[in-house]
J.: 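The structure is given below, and queries will be raised subsequently.
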Amino acid sequence: MKEYQAEFLEDALDLLADIEKTLLELENSPEQESLVEEVFRIMHTIKGAANMFGLEAIGNLTHQIENIYDAIRSKQYRITEEVLTLTLQAVDHLRNLLNDRSFKNPVNKETHKRIEGQIGKLLSTLQLGEPTFLIQKKEYTNRITYYLILKPLSFIDPDDSTTAYLFSELEELGNCKITEHKRGNRPNNKGEEGDFFGYWDIYLATDQGKEAIEGLFLFVDDQFTVEIFEVAVIDLLEREEFHEKIDELEEKGEILELESLQAYVNELLEIIRLKEVKLLDTDTESASEDIISTKKPNTLKVSREKVDKMMNWVSELVMMQGALKMLAQNNKIAELSAVAEKIDLITGGLRNTVFSISLVPVEVLMTHFSRLIRDLSKSLGKEVTFSMQGKDTELDKKIIDQLTEPLLHILRNSLDHGLETPEERRKAGKPPQGQIVLKAFYSGRHVVIQLEDDGRGIDVERIRKKAEEKGLISRDESLSEQEILQLIFAPGFSTAENVTDVSGRGVGMDVVKQKVNEVKGTVAIQSEIGKGTTLSLKLPLTLSIVEGLLVQTGELTLAIPMAAVHQCYRVKATEVTEAKRFNAAITVEGKQLPALNLRETFGILSAVPATYILVSVIYQGQEFALIVDKVIDQQQLVLKPLGAMYQQHDFLSGASILGDGSLALILDVEQLLSRFKTVSLP
Amino acid sequence: MAMKKRILVVEDFKSIRDYLCQFLGTQGYQTLAATDGQHALEILEIEKVDLIISDFNMPKVNGMELLNEIKKSPAFSNIPVIFLTTEKSLDKMKEAREAGLFAWIKKPYNAPTFLANIDRALANERVSS
Amino acid sequence: MESESITQTYVTFHLAEELFAIKVFEVQEILEMTSLTKVPESSVFLKGIINLRGNILPVVDTRIKFGMEEANYTSRTRVIVINLKLNNKQPLLLGLIVDAVTDVIELPEDSILPPPEINDLKKAAYVTGIVKREQNFLMILNTTKIFSTDETFQISTLAPEAQVAE
């Protein structure tokens, strides 16, 4: 059940996310019927599944909401701000309920009551009460109306629940109208007549076919007989006129003869047809629009486990391919080398494709943000326009999942502290509406996500003072503006005083930074007083397989990601003379490059080779050189994490297992070079 | 001293099997689980069973075959059998009915109806025709 | 049916003259000493990493960790792979280099006495008990405690962006 329920929960959460998105769209275009249909449809789906799992509370609530949207789509009710807000609240509550299905949390119980009450009020204004035998509304498919005569074979105990269950099963097939006749006017199958024989006249409109009806009664054929007649090829039970007529006939108490019923039905059908023709023109247009509007592109839904498994297989393949390559090189068999090379190519292609599967456009964050902005801006009394640039930019889903909370926190901060109220803005000569832009773009082998606002900006002096007060820095410490701004991320910086209800909740900026670091990203702030603030998150594209340049330094085998590598040069050992870790510069091919001697950096003491290789990399727009003993090869490497014990080793992204089973350490060039202040070149 | 009724759940999908056993457990029944008809028959040899709830389409021995086997054997023929399946074919339903199936419940099931059928089966309300 | 005293199974190992024991369910496996890859800038007791069937296993020199002198590895040297469960996060595998693994034994709970005053504070933190067995004293270790006070595991502070060059 856990798996099954877990699947349902996941699916339900996805569906709720879809509804939320649709509701926000609906707010901007309330006339768009397809959106209303979507909400209705999704609620219906959740209701069905919830009921299957016996999750009554969720089933009932979604049923109620389904009714509201049904009323809206049949134009009995118009979309209002109130309804939308209520629905959004219900969606939030449903999310909570999915995790607290038995109302362990009393808050959920209260919320549930409140929302149910509000929905109930709404529904009563529409006079959508529920008659005993539910008359369901029209759905898309073609229903046929049947007339059934249900007779018991012997005396039926009025308390017998069998009929109740039969009827509920009938209702599941479609629209249903059941009239019970207690006194037996009809003889039973044995031809006996008598007072105590009852029977039922049932009108059922269903698209499931006659077989489904037969199947339903099949297993009680020792207790009942049923006659099934097809009466109309449309759903008559939707028609007021039909109900009225039947009620009339039934009241008369006459036995309904099939012929007279049929005659009546034909009459009714004629009338209906005439009406339809008039409506046809307006109907077809909107109908076809709905069919044409495809909201989602051609996508497949794949379980995360399957994707993870696939990734694992690809990782294994890459490792084996490395071993194959080594074997081919060592054995020098021409055909083997050719095959190994081909496999190298194919593995590379497979790797790229598989990894792109777990890449997801940042657009998925949009709904969260829109929602937050909508809710917050109202409660803070600020006007905000939110836009997103580069929403197609893709990131590993895991990274996006990790970053959602931090980004929301940054957004909250921006709304709460960054943006001014409309009056303040007017005074400052700014338009009353604040602007928040979320930008996403690729930069080198990173994805950058920026949150920009045009608010009041950050007062660097205030930050500095505050940091001094908290003992984070000393008074006479000289810091650049960027360094001061970075103090915002220091743990212990934000405290109760500047934490309002909105941006508080224990998610400090230090946690934001930590989460970003966890996915091997970096965060930076830029700000100008009066103009605004921009927060930039720089994140790696994907994590697991890296195309790397294998190099040797002493006994260490290292890998430098090819994406970072610019060029390789050979230099004589005599030119690399300085014992300091960071050589001032090395002249190579006429240019001077700051160079990092990895031997020194890593404390390698073995004998120095005659020549070194310089592997140059681009860091922050400048070319730097990494000095190694030699270059071994270029290879696809599966990045294996080093584990918690090596957390502080930020200059290493991980390790990789080479073809011969030995290990290579994968360098994080950014981190390696960022530890050192750039040395100005003479 | 009323003993809990024992229901044998026969279903090849693990998650559904587990879920059903859990669900029935909460309703006060003791459950046994089999992965297919063959397995079910093996279990029947050893354990006392009051009701069998089985899927229709299963590998090795499917629901229909299981039903036939059970009704053939004097030791088990009075154990009521309920199918819980997505299968909708009326012909198959008729065949099962002929063979003595107690009830045919469609997946996904409506809990009250499902439970009502189970109750009836266990109370042996069936009037054999 | 319970016996008078509950027994637990332990793996025992040597470090110099001293005998230690770890609960067997904390031990995932025992490996022969194999080639280590050194990781630069590691603390002195973190000897390096090895390839454990496709995954990276960090390996610790237990002698150094316990404040003893380092020793050469012999053919009896073993790596005990333990499974640490820290802070309810994912289990962490770690290898402990020991001089030799001696035995797997059953110890009755009531034979475990509280540890005596241990001068070495490092050891004091993770020795949870002591047992006299034949002529020897066996120190019972709690593997989680061995590392929980370690700075390596403090996740909260990561180096801030701007760092001064050394």
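Predicted, not measured: the structure shown is a model, and the values here were computed from it. The analysis underlying the following values was restricted to heavy atoms, covering all of them including side chains, and did not include hydrogens, waters or symmetry mates. Chain identifiers are assigned alphabetically (A, B, ...) following the order of the sequence lines, protein sequences preceding nucleic acid strands; residue numbering begins at 1 within each chain.
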J.: I want to check something: taking the side chain as every heavy atom from C-beta on, are B:Arg120 and A:Val220 in contact at a cut-off of under 4.5 Å?
T.: yes
J.: Considering non-hydrogen atoms only, spot the tightest contact between B:Phe102 and A:Phe219 and give its length.
T.: O-CD2, 3.5 Å
J.: So, taking the atom named CE in B:Met93 and the one named CG in A:Leu216, what distance separates them when rounded to the nearest 0.5 Å?
T.: 8.0 Å
J.: Output the distance between atom CD (B:Glu98) and atom CG (A:Leu218), rounded to the nearest 0.5 Å.
T.: 9.0 Å
J.: Are any non-hydrogen side-chain atoms of A:Glu214 and B:Lys94 less than 4.5 angstrom apart?
T.: yes
J.: How many angstroms lie between CG in B:Asp91 and CD in A:Glu211, if you round to the nearest 0.5 Å?
T.: 6.0 Å
J.: Give every residue pair that meets the ring-ring contact (aromatic ring centres under 6.0 Å, His included) criterion with at least one member in residues 57-81 of chain B, sequence neighbours excluded.
T.: none
J.: Identify the heavy atoms of A:Ser168 and B:Thr113 that sit nearest to each other, and give their distance.
T.: OG-OG1, 3.5 Å
J.: Using the salt bridge (charged side-chain N to carboxylate O under 4.0 Å, His left out) criterion, which residues pair with B:Lys5? Sequence neighbours excluded.
T.: none
